[in-house]
Amino acid sequence: MVGKWHLGFYKKECLPTRRGFDTFLGSLTGNVDYYTYDNCDGPGVCGFDLHEGEDVAWDKAGKYSTILYSQRVHQILASHSPQQPIFIYVAFQAVHTPLQSPREYIYPYRNMGNVARRKYAAMVTCMDAAVKNITRALKKYGYYDNSIIIFSSDNGGQTFSGGSNWPLRGRKGTYWEGGIRGLGFVHSPLIKKKRRTSRALMHITDWYPTLVKLAGGNISDTEGLDGYDVWGAISEGMESPRTEILHNIDPLYNFARSGSLEEGQGVWNTAVQASIRVKDFKLLTGDPGYSDWIPPQTLTNFPGSWWNLERHTDGARKSLWLFNITADPYERHDLSAVKPDIVKELMIRLSYYNHTAIPVRYPAEDPRGNPDLNGGAWGPWASEEDEEEEENWITMGGHQKNANRKKKCKICKLRSFFKKLNTRLMSNRI
């Protein structure tokens with residue numbers, strides 16, 4: 001693996017090299033500096049975050065991450081035999097904040113009025129060049145003819161940091177289409193029907209069974225998979241086996257003031273933040289997040305009236321929406337009042353998924369994770385005692401027994417300080 005991990009690292013068992021990858025070069029947190037690889041999680045809580053394997057890669061700082069990562073992929077391909085299978089996961093940091101780019105990529109956009117958009121465009125162009133260089137390496141070393149290149153963003157754009165989802169509704173971090181739809185493509189000599197746009201329904205969990213089968217693996221003995229093999233839909237334009245996607249259920253998010261179990265027809269509490277799509281229809285409940293349609297910010301001197309062009313003000317009074325997302329991808333026509341049967345059908349599916357969920361565990365910030373206590377770098381800090389505590393928590397079905405629990409942390413006096421920081425290192429920076 002090469003690039004941004006951002007899937008947890010409080011203990012070594014969470015690191016990429018303990019989760020299936022043979023090698024790793026990248027960052028563990030969410031938004032490091034592109035050159036120095038420093039990352040701060042609040043005032044005074046800063047550390048270095050570039051790792052090779054399970055070691056801190058101090059010596060590799062200074063090179064722009066997009067270029068560093070593409071060069072590492074080139075090295076991997078050069079040293080591997082094209083006769084042997086290989087899977088490379090490249091998680092570019094681009095185009096996440098902080099907005100940084102080599103000067104030569106900014107120059108072509110020097111006349112773009114909006115500064116954030118200018119930097120964003122430069123970062124995308126640099127990433128495009130990295131993808132081009134990786135593709136050239138696949139051809140140079142004899143992999144290309146039997147390769148599959150998958151490119152995908154992981155969420156919608158952050159509209160106040162150079163991104164744009166127009167004409168979709170919402171932004172990154174919301175359940176509107178502007179937040180959950182991503183750009184992507186699949187490129188391969190193995191695709192039978194090329195140069196086309198696929199409208200097939202697909203979810204990220206579908207990649208695992210799809211790629212395992214393509215590589216000659218067998219998933220028939222793997223129970224409980226959420227994904228489907230969708231290669232037929234990708235390569236030949238066949239109908240996708242997937243008919244629904246659970247976007248999310250968040251029982252910890254602030255409940256919507258206007259939602260209730262009564263509004264949910266006794267099936268689902270519409271105050272809970274959740275969203276699901278079944279075939280053509282998408283249901284949202286609770287507070288889906290920032291709900292405006294945001295026109296592209298191409299200039300820095302927009303008139304004050306610009307902000308109100310697509311201002312949507314009735315969202316605070318609602319907690320239930322239904323859209324025919326195929327016919328109305330911009331989510332402008334709420335059908336919840338005229339199609340109550342479909343609303344109930346989708347709420348039943350939400351209730352079903354919710355009953356299969358494991359208990360939520362969201363522990364408080366742990367001051368032992370402070371890089372100052374770990375040699376100045378972000379990295380694992382948990383002890384064997386923590387692992388035993390976690391196993392006990394799982395065994396008890398997610399219910400902590402606090403009566404006999406002893407505080408073993410010698411620096412727990414710092415905990416109140418960390419709570420005041422209100423840090424969110426692993427939450428909304430994805």
Side-chain angles (χ1 to χ4, degrees), residues 1-7 16-17 19-26 52-53 64-95 123-154 182-220 222 225 227-242:
M1 179 192 164
V2 181
K4 174 179 171 180
W5 177 240
H6 207 199
L7 288 171
T17 49
R19 304 292 290 173
F21 292 100
D22 296 318
T23 64
F24 171 64
L25 174 67
E52 176 137 33
Y64 189 70
S65 70
T66 304
I67 297 173
L68 175 68
Y69 294 154
S70 65
Q71 290 176 346
R72 171 50 60 94
V73 175
H74 190 282
Q75 293 169 4
I76 293 173
L77 293 173
S79 61
H80 189 82
S81 170
Q83 307 305 319
Q84 297 296 322
I86 186 171
F87 172 78
I88 306 178
Y89 171 45
V90 187
F92 286 116
Q93 183 184 350
V95 288
M123 295 167 72
V124 172
T125 302
C126 184
M127 182 180 63
D128 286 346
V131 173
K132 178 180 179 180
N133 290 336
I134 291 173
T135 306
R136 281 180 171 176
L138 288 170
K139 294 179 178 180
K140 178 179 179 180
Y141 297 112
Y143 297 90
Y144 179 78
D145 290 339
N146 195 36
S147 68
I148 300 171
I149 301 172
I150 300 166
F151 180 93
S152 176
S153 62
D154 58 351
L183 298 176
F185 65 80
V186 180
H187 174 81
S188 173
L190 305 178
I191 292 177
K192 295 181 179 179
K193 291 186 177 181
K194 299 178 173 62
R195 299 182 180 275
R196 62 186 178 83
T197 299
S198 173
R199 304 290 181 185
L201 194 61
M202 182 179 177
H203 186 255
I204 190 171
T205 55
D206 298 329
W207 283 124
Y208 175 71
T210 301
L211 295 178
V212 167
K213 189 171 181 180
L214 276 170
N218 185 0
I219 61 171
S220 60
T222 307
L225 280 182
Y228 297 89
D229 176 9
V230 294
W231 184 247
I234 294 172
S235 176
E236 303 178 49
M238 299 171 61
E239 185 175 350
S240 171
R242 176 173 291 281

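One is the number of the first residue; the rest follow in order along the sequence.
For Thr210, there are no side chain to side chain donor-acceptor pair (under 3.5 Å) partners two or more places apart in sequence or in a different chain. In this structure Phe151 satisfies the ring pair (Phe, Tyr, Trp, His ring centres under 6.0 Å) test together with Phe185, sequence neighbours excluded. Checked against ring pair (Phe, Tyr, Trp, His ring centres under 6.0 Å), His203 has no partners two or more places apart in sequence or in another chain. In this structure, Glu239 has no side chain to side chain donor-acceptor pair (under 3.5 Å) partners at least two apart in sequence or on a different chain. Judged as a ring pair (Phe, Tyr, Trp, His ring centres under 6.0 Å), and not counting sequence neighbours, the contacts of His187 are Tyr144. Tyr141 is linked by a ring pair (Phe, Tyr, Trp, His ring centres under 6.0 Å) to His74, counting only residues two or more places apart in sequence or in another chain. Among residues two or more places apart in sequence or in another chain, the side chain to side chain donor-acceptor pair (under 3.5 Å) test is passed with Thr125 by Tyr109.
Counting only residues at least two apart or on different chains, the salt bridge (Lys or Arg N to Asp or Glu O under 4.0 Å) pairs with a member in residues 66-93 are Glu52-Arg72. Sorted by first and then second residue, the salt bridge (Lys or Arg N to Asp or Glu O under 4.0 Å) pairs involving residues 79-88 (not counting sequence neighbours) form an empty list. Within the structure, salt bridge (Lys or Arg N to Asp or Glu O under 4.0 Å) pairs that include any residue of residues 74-87 do not occur (at least two apart or interchain). Residue pairs that meet the salt bridge (Lys or Arg N to Asp or Glu O under 4.0 Å) test with at least one member in residues 187-210, sequence neighbours left out, are Lys192-Glu236, Asp206-Arg242.
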Check residues 126-135 and write down every donor-acceptor pair under 3.5 Å in which the side-chain atom is one partner and the other belongs to a residue at least two apart or another chain.
unit_1, atom_1, unit_2, atom_2, d
Asn133, ND2, Ala129, O, 3.3
Thr135, OG1, Val131, O, 2.8

